Protein chains: 4
Amino acid sequence: MMKKKKVLDKRAALLEATLNLVTNNGFHAAPMSKIAKLAGVAPATIYLYFENKQDLINSLYLEVKASFSDNAFKNYNDKLPVKQGFEIIWNNIADYKLTQIDESSFLSQCDNTPMIAPEIIGKGLKHLQPLIDLWERGKEEGILKPVSNYVLYAYAIYPLSFLLAVQEKDIYVMTVEDRQKAFESAWDAIKI
Amino acid sequence: MMKKKKVLDKRAALLEATLNLVTNNGFHAAPMSKIAKLAGVAPATIYLYFENKQDLINSLYLEVKASFSDNAFKNYNDKLPVKQGFEIIWNNIADYKLTQIDESSFLSQCDNTPMIAPEIIGKGLKHLQPLIDLWERGKEEGILKPVSNYVLYAYAIYPLSFLLAVQEKDIYVMTVEDRQKAFESAWDAIKI
Amino acid sequence: MMKKKKVLDKRAALLEATLNLVTNNGFHAAPMSKIAKLAGVAPATIYLYFENKQDLINSLYLEVKASFSDNAFKNYNDKLPVKQGFEIIWNNIADYKLTQIDESSFLSQCDNTPMIAPEIIGKGLKHLQPLIDLWERGKEEGILKPVSNYVLYAYAIYPLSFLLAVQEKDIYVMTVEDRQKAFESAWDAIKI
Amino acid sequence: MMKKKKVLDKRAALLEATLNLVTNNGFHAAPMSKIAKLAGVAPATIYLYFENKQDLINSLYLEVKASFSDNAFKNYNDKLPVKQGFEIIWNNIADYKLTQIDESSFLSQCDNTPMIAPEIIGKGLKHLQPLIDLWERGKEEGILKPVSNYVLYAYAIYPLSFLLAVQEKDIYVMTVEDRQKAFESAWDAIKI
DNA sequence: AATGAATGAGGATTCATTCAT
DNA sequence: AATGAATGAATCCTCATTCAT
């Protein structure tokens with residue numbers, strides 16, 4: 001069990017090192033040798049845990065996406081009223097984007113770049129099903145605009161990515177009121 | 001004159017080749033040799049027109065950003081009522097994003113990646129001033145929510161990037177009605 | 001232990017290959033690829049032992065200079081009378097210059113070319129201190145001319161470089177008597 | 001004639017530019033493009049005056065060597081007593097080495113490097129014949145040591161190259177007395 | 001005579017990956 | 001399981017030289 005722990009440690013260290021390097025320097029400036037050094041292992045060791053560099057990146061993407069999604073539904077259950085449920089999810093996501101900055105930047109980079117193959121991106125989206133379900137219910141109940149879920153996502157969730165980006169670049173700091181207003185904008189955009 | 005034309009041709013061909021390769025393969029898979037081949041010149045020729053790879057990318061970024069911005073204010077003038085002015089700009093941007101797919105993807109990639117230095121990004125933003133002015137006026141007139149322009153951008157314009165992305169991945173095709181509704185969402189998000 | 005040996009072998013092989021190529025072809029005609037081939041390793045392997053080409057050249061310079069200096073003081077000790085001590089050193093240097101031809105040519109090339117930075121050249125000079133000490137003593141004892149050590153070096157040691165050069169070009173072969181006379185010229189030049 | 005002048009100007013400008021660049025940066029950092037720029041002509045123009053880079057370097061070597069030799073025999077005639085004649089030549093050479101620093105450094109670089117083919121070096125030596133003749137006479141008259149002219153050159157003339165080098169590196173400045181003593185060393189070294 | 005655009009060949013260096021230990 | 005030495009292939013970039021004008 002101690003052994004198992006250590007193994008997981010090494011894998012985790014590699015993923016974290018990759019996250020750091022890719023986020024701050026970009027894919028093309030995150031060589032395997034640096035990843036290994038930052039993780040405290042030998043370059044060859046990476047290949048015990050991952051098939052190759054692409055597999056390492058894919059794995060990281062899926063893990064981060066999973067942690068993002070898990071977080072999104074904290075304290076949420078599908079019996080809540082639509083607006084209340086949405087508010088919980090929106091706040092969870094906002095919290096994540098504004099505090100897990102490296103992870104969020106990494107996801108942005110992956111989602112706007114051909115560095116992750118579409119089928120892997122697709123896998124990562126599975127976890128958001130409860131949000132889709134909520135929106136479908138909202139549309140049935142006549143609370144939400146009858147538009148594609150893509151449009152809902154574009155207006156309700158995606159703007160947070162932009163706010164994260166400017167936040168991270170230190171050109172704008174979001175106050176508590178700003179955040180409340182941002183939520184209202186999101187809701188105004190999708191509510192009927 | 002013929003000479004001047006040819007020179008511009010070569011520079012333009014290089015920029016276009018770079019746009020194609022970076023958009024479809026990513027920065028790290030767009031080697032100078034491929035760029036040269038696609039542009040129909042020898043690798044060394046690139047260095048007659050650009051200092052180095054970074055300069056080539058920066059130049060491309062600024063040119064595309066400029067074309068994007070120029071397009072955004074087609075038929076717009078700052079005497080128009082706020083909503084009408086905004087609608088024109090929004091539609092211009094939507095047209096651009098949905099038709100100039102390569103250019104739009106490239107800009108997304110640049111804006112979500114450390115591949116362009118912040119100071120160059122800053123330069124590219126200058127051109128959007130008229131939109132900022134319009135928003136300031138809208139807030140003064142009590143038509144728009146009194147929030148940071150970053151928030152307005154996040155909800156009014158940025159969602160189009162997401163819609164472009166899904167559009168491009170063929171997982172969603174936007175109809176004329178969808179688009180009208182998307183505009184309404186944008187407006188609902190920012191109007192008071 | 002076997003491993004350690006092999007590692008040293010490779011480093012040494014690289015240094016030797018560099019010595020050969022630079023000596024016979026000049027710095028500008030000693031590409032890393034040729035050095036690697038001559039040393040029997042892949043080009044990338046050079047970078048396991050040296051930071052870059054300049055570091056390789058610098059290292060070689062310092063090693064050769066050290067071997068030159070070590071040799072210069074063979075059988076010498078600072079209790080010997082000035083003339084006798086000088087004769088030993090002079091002969092040691094003459095032996096080195098006339099037998100270690102590649103090494104000597106390489107040093108000449110380094111010392112007459114901007115290929116080695118002044119601070120590295122400076123480092124290489126440290127080892128000659130005992131000769132300087134001997135000369136200072138000789139001046140104190142009224143045996144040597146009261147002139148700068150640079151002048152003493154120019155007349156006592158430096159001429160050997162010229163004799164090496166002509167020797168190497170096969171335009172002149174030095175006999176034992178010639179050599180004895182050369183020593184006398186050196187001594188005549190610096191003695192009072 | 002004006003035209004002829006201009007032509008010579010361009011050739012001379014190219015030679016001077018080459019001298020500057022090679023002297024200060026070394027052969028491997030004196031690209032044709034920089035030479036052209038420094039001379040104020042287009043790269044292709046070089047090839048109107050010189051066959052290729054090697055020819056340019058060779059031509060420069062021969063011109064500089066000729067100017068060095070011409071200077072060496074200023075005010076000299078072969079009727080003078082040996083010591084007096086030698087003193088004149090020695091002083092001429094010393095003047096040249098200590099004032100025409102770029103030219104002297106360039107010659108040192110050429111003579112200690114495989115950058116000039118031996119047959120070209122040989123050509124350059126022709127001009128020193130009067131010095132050889134003087135030495136032969138000195139040996140016949142029993143004034144000079146009966147040794148090879150190479151040895152005489154090594155001790156009488158070559159040391160000046162070393163003194164130039166240290167002079168140029170600012171680690172030693174030669175006074176008038178130093179210079180007188182240097183001459184005496186040279187004479188002591190070769191006289192019987 | 002003079003040029004500046006153009007280039008093929010080659011330069012130093014990096015990198016993902018492998019393999020003997 | 002873990003490694004560090006090793007590498008072939010590729011990357012960015014430079015350079016001597018040419019050629020159409």
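Everything numeric in this text was worked out from a predicted model, so none of it was measured. Lettering of chains follows the sequences in order, A, B, ..., and the numbering in each one begins at 1.
Each of Thr45(A) and Lys34(D) lies near DNA chain F, and the nucleotide nearest Thr45(A) is the one positioned closer to the 5' end.
Looking at Thr23(C) and Gln109(C), their side chains never bring a donor and an acceptor atom within 3.5 Å of each other. Between Tyr61(D) and Asp111(D), the side chains place a donor N or O and an acceptor N or O closer than 3.5 Å (distance only, hydrogens not considered).
Cation-pi geometry between Lys53(B) and Phe27(B) is satisfied (NZ or CZ under 6.0 Å from the ring centre, within 45° of the ring normal). A cation-pi contact, defined as under 6.0 Å to the ring centre and within 45° of the axis, is absent between Lys65(C) and Phe106(C).
Distance CG (Leu14(B)) to P (dA5(E)): 14 Å, rounded to an integer number of Å. With rounding to whole Å, Leu56(B) atom CG is found 15 Å from dT11(F) atom P. Spacing between atom NZ of Lys10(A) and atom C1' of dA2(F) amounts to 6 Å, rounded to whole angstrom units. Between the CD1 atom of Ile35(D) and the C1' atom of dA16(F) there is a distance of 10 Å, rounded to whole Å. What separates CD1 of Ile46(A) from P of dC15(E) is a distance of 13 Å, to the nearest Å. In this structure, the CZ atom of Phe50(A) is 14 Å from the P atom of dA1(F), given to the nearest Å. Put simply, NZ on Lys37(D) is 13 Å from P on dA16(F), counting in whole angstrom units. Rounded to an integer number of Å, the gap from Leu21(D) CG to dC15(F) C1' is 14 Å.
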Only Watson-Crick and G-U wobble pairs with both distances less than 3.5 Å should count. Give DNA chain E in dot-bracket notation, marking inter-strand partners with |. .||||||||||||||||||||
The test is side chain to side chain contact (heavy atoms under 4.5 Å, CB included); show your working for Arg11(C) and Phe50(C) and say whether it passes. CA-CA 9 Å; Arg11(C) 210 188 108 98; Phe50(C) 305 95; 3.5 Å; yes
Using the side chain to side chain contact (heavy atoms under 4.5 Å, CB included) rule, take Leu56(B) and Leu15(B) through it: C-alpha gap first, then chi angles, then the decisive distance, then the call. CA-CA 7 Å; Leu56(B) 167 59; Leu15(B) 288 169; 4.0 Å; yes
Evaluation steps, side chain to side chain donor-acceptor pair (under 3.5 Å), between Ser67(C) and Glu103(C): CA-CA 9 Å; Ser67(C) 92; Glu103(C) 282 82 353; over 6 Å; no
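Annotation: side chain of Tyr47(C) is in contact with side chain of Met32(C) (closest heavy-atom distance under 4.5 Å).
The neighbour count for Glu16(B) CD, taken as heavy atoms of other residues, nucleotides or ligands under 6.0 Å away, does not exceed 12.
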Tabulated below should be each protein N or O lying under 3.5 Å from an N or O of nucleotides 12-14 of chain F; please produce it.
from    : atom 1 : to       : atom 2 : distance (Å)
dC12(F) : OP1    : Lys53(B) : NZ     : 2.7
dC12(F) : OP2    : Met32(B) : N      : 2.9
dC13(F) : OP2    : Tyr47(B) : OH     : 2.9
dC13(F) : OP2    : Lys53(B) : N      : 2.9
dC13(F) : O5'    : Tyr47(B) : OH     : 3.4

